[in-house]
Amino acid sequence: MVSEGAAISGTRTAPQRAEAALASLMASPATPDRLRRVLEQALVFAGAYFAGVYTPGDDATELCLAESAGLPRTLYGLRDCYPAAGTSPVAEAHRTGLPRWLGPAELAAGADSRRTPSPDFSVAVLPLGPAGGGCLLAVGEQPGGFGTDDRTSLELIARAVAVPAPAVARDTGELTEDAFSLIMDTGRVEAGGAILRLFGIDRESFDGRVETLLGRAVPEDLPALMSVVEADHMSIGDRELEFRILQPSGPPRWLRLRGRLLPGGEGRSARLVGTVADASSMRSDVTDVARVQRLAAALATAGTVKDVGQAVVAALRKPLRADRIALAELENDRLVVTVLDPPEPEAWPEVWRSEWRTEWPDAPVRAMPTLAAALREGRARIWPAGSPLEPALAEVGPGGLAVLPLPAGSRMAGACLVGWDRPHDFAPDERALLTACAGLTGQALLRAHAFDAEHELVGMLQRTLLPRRLPRLPGAVAVARYLPTTAGLEVGGDWYDVIPLADNHVALVIGDVQGHNAGAATLMGQMRTALRAYAAEGHPPDVVVAHANRLLLDMETDLFATCAYVDVDVEQGTAWCVRAGHVQPVLRHPDGTAEIVRAEGGPPLGVLAQAEFPMTPLRLQPGTVIALTTDGLVESPETDLDAGMDRLARELAAADPAHLGLVADALLTGAHRDDDVALLLMRYDGLAVRPLRESWTVWRVPEAARHARRFTRRTLRAWGVPGDTIDAALLVVSELVTNALVHTGGQVRLDISLVNHRLRLAVADTSPRSPVKPTSIGWEATGGRGILLVEAVSAAWGTVPVSGGKQVWADLGPGR
């Protein structure tokens, strides 16, 4: 087995290898990137993660970063410029001409220590020649700081550094043909004629907007470009970048951008100045530092472990012409593979296929001793074709194998395997790319795991505030979906509910509380509970929403909420829709057409005390689908609301309503995850058997109970109810009506319904107090037996709130 260092230079020490590499660089003809290439040797031979040169700028009172290599300096809290008279290590090494070696202990008390990604953060600052000539700064993450060989290598690199004038536009007001100047605040850019010709733009037609130039770039390269031209994300490591622009014909053209961010002053905006050159002829078949920069930009936006894997595959497999890449996370003593490219099992060794569990294989680290040794050493290792390796690794790369341990602070996050089928020669720039990718990927995995864990916690909290399951509905089917946002770690305020009501009514509710935080989630739970309570009381839809509006105003919160409430009469096939600032419902009719309901709406809840919430009638045919959603599904920064609603209607029209769950999943495909998404669908089928119903307003007269029994007897006989059931029903009606007349005031109503041989008797009154079943009754008691009689002859009984009062009901089955 051959390690990376040994593969390059046999048994020589790291300082000896560094001296040879530097001698070769300094003997070659001078190029604009020589300084950067010298600094890259600190990454290879001294184990540095960042290396930079600080020199006096145009203003001698400041030391500014002239060139850098490695990870973005912002990861370590490093600045563009330091006062030359200040107390920073950079300033002290510059003034005194003495090196500074700062380990984790010395840096722990620093003001910027909390911003570092690793507790083993260490810094070396070496003067460039005599005092006053600037300094070399290197950052490492070794537990004990830079070792003896590392320090010797850094001293060699500091002596080799020569700082040429940077090849960027000067602050003279005049631009050369290949130079540009971008004002960061406004996005206005001045570009030389050679740059405009590279982009294929005439000087006369150029509008001076940076967006015009960005519009010519290949979309895959835009994230890296935006990290350079946006001031908030500017980092020194991004000053040199290769990107592609589209051509009228043929493949894209490679360009190289070199730039510097000039800080603004009083009355002057910060500017990015630099040059752009054609890099097509200079570009080799393999990648270079620009690919590391693009990987860093991609990993900076990778939110999940899957995103990290995709970024690594994109950065390594095609540029290195690798045949397979595996990314595995280290969990205790097991390696769990999270990404395989290609994903087909047949492309991987037989031993991997035999260990296939569900989607990816996993195995104990001890089963692969070579990999275990690489993880212990913590350095990238490369084995050429024919190296004696265990079968689990040898078959991954018979033509060459690279094993990249992925460090994440003081621990190993996992490993990345890169394999070739045919013999592969590893060039120095490939080795540098692999080493840099390992460090970037390990840190990205650590962040992604934290993101995944917190996001799962947020999703779990959100799910506890939503219905665990939807109720089974007579004559209808409802399904719901909820997707939390992936743009942040705050819980959202979207909610939905399906509320079965009396007389085969069902209320569909969906809403969205402003904001994504704990306050929005709390308010969402309160609003969902309030709407359910108001609906269960039997209020019409507009009153339910009006009550919720008053409640939100009384809570004196700064948040508001939108809501759509649809009361569906399953018996009649009608519905009433009320909107409070929410998006419109969508109806899919049985003939396959979809309609965006133009329902008149009121303001959002919690805005106006005297708001009106008009009701819009809907007519439903069997097979009609009602779709309610929140704006996260139909609106995004790239899509306006009208276009999103039209897209939802088209997709709903094309779906098969027979499988409502599949319809919901299809509608969420490709949903923007910048906001929460809630979706509620209900298919109206209609009742197979419509209930028989009659009602009677009970008169408050001495013989009221007798009149109620007579009405009940006539109704049940007309419906053909058996005689024994009629006798039991008369007893129940007598007891319920008598209790209502004796213990309450106001109107009393008797409702009788029959469906599928199940008879329901219900008596409504104006008192909210429910009847109480006595625990025991003495032989001398004169009351309290009515509810016991009702319970004895009924299959079930209960009470529900209705419009400020209550309804006591009892069900009788056949043969009672």
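For this chain, numbers begin at 1 and follow the sequence in order. Worth saying up front: this structure is predicted, and the values here are computed from it rather than measured.
Nearest heavy-atom pair across A91 and L63 is CA-CD1, 3.9 Å. I325 and C416 get closest at one heavy-atom pair: CG2-SG, 4.0 Å. Listed here is the closest heavy atom pair of P56 and G132: CG-O, 4.1 Å. Nearest approach of I382 to A402, heavy atoms of both residues: CG1-CB, 4.2 Å. Contact detail for G134 and H94: the closest heavy-atom pair is N-ND1, 3.1 Å. The shortest heavy-atom contact between P252 and R244 is CB-CB, 3.9 Å.
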Practice problem: Report the C-alpha distance between V38 and L22 in whole Å, list the side-chain angles of each, state the deciding distance to 0.1 Å, and finish with yes or no for side chain to side chain contact (heavy atoms under 4.5 Å, CB included). | Solution: CA-CA 7 Å; V38 170; L22 290 170; 3.9 Å; yes

Practice problem: Might you work through the side chain to side chain contact (heavy atoms under 4.5 Å, CB included) test for I245 and F199, ending with a clear yes or no? | Solution: CA-CA 7 Å; I245 59 171; F199 279 85; 3.7 Å; yes

Self-check item: Stepwise side chain to side chain contact (heavy atoms under 4.5 Å, CB included) check, V276 with F180
Solution: CA-CA 8 Å; V276 176; F180 70 88; 3.9 Å; yes

Self-check item: Trace of the side chain to side chain contact (heavy atoms under 4.5 Å, CB included) decision for L417 with L393
Solution: CA-CA 9 Å; L417 308 181; L393 294 180; 3.9 Å; yes

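Taking CG of L213 as the reference point, atom CD1 of I195 lies at 8.5 Å (rounded to 0.5 Å). Note: Q16 CD to D149 CG = 9.0 Å, rounded to the nearest 0.5 Å. Rounding to the nearest 0.5 angstrom, the gap separating the OG1 atom in T275 from the CD atom in E177 is 13.0 Å. With rounding to the nearest 0.5 Å, the separation of CD in Q41 from CD in E19 is 13.0 Å. Summarising the geometry, atom CZ belonging to R159 is positioned 11.0 Å from atom CG belonging to L154; distances are rounded to the nearest 0.5 Å. Taking CZ from R253 and CG from D278, the interatomic distance works out to 5.0 Å, rounded to the nearest 0.5 Å.
Within the 4.5 Å cutoff, no side-chain heavy atoms of Y49 are placed close to those of L43. Residues L214 and R216 are not in side-chain contact: their nearest non-hydrogen atoms beyond the backbone lie 4.5 Å or more apart. The side-chain heavy atoms of I183 and V189, taken from C-beta on, include no pair separated by under 4.5 Å. Contact annotation: the side chain of R188 never approaches that of L182 to less than 4.5 Å [non-hydrogen atoms, C-beta and beyond]. Annotation: side chain of Y54 is not in contact with side chain of V125 (no heavy-atom distance under 4.5 Å). Considering only heavy atoms from C-beta on, R100 stays 4.5 Å or farther from C135 through its side chain. For the pair F146 and V123, the minimum side-chain heavy-atom distance is 4.5 Å or more. Here the side chains of F50 and L137 are in contact, with some heavy-atom distance below 4.5 Å.
Looking only at distances, no side-chain donor or acceptor of R79 sits under 3.5 Å from a matching main-chain atom of C64. With T152 contributing its side chain and T148 its backbone, the two residues share a donor-acceptor pair below 3.5 Å.
Put simply, the residue from V90, V139, L65 that forms a side-chain contact (heavy atoms from CB on, under 4.5 Å) with L78 is V139.
Cation-pi geometry between R321 and W420 is not met at under 6.0 angstrom from the ring centre and within 45 degrees of the axis.
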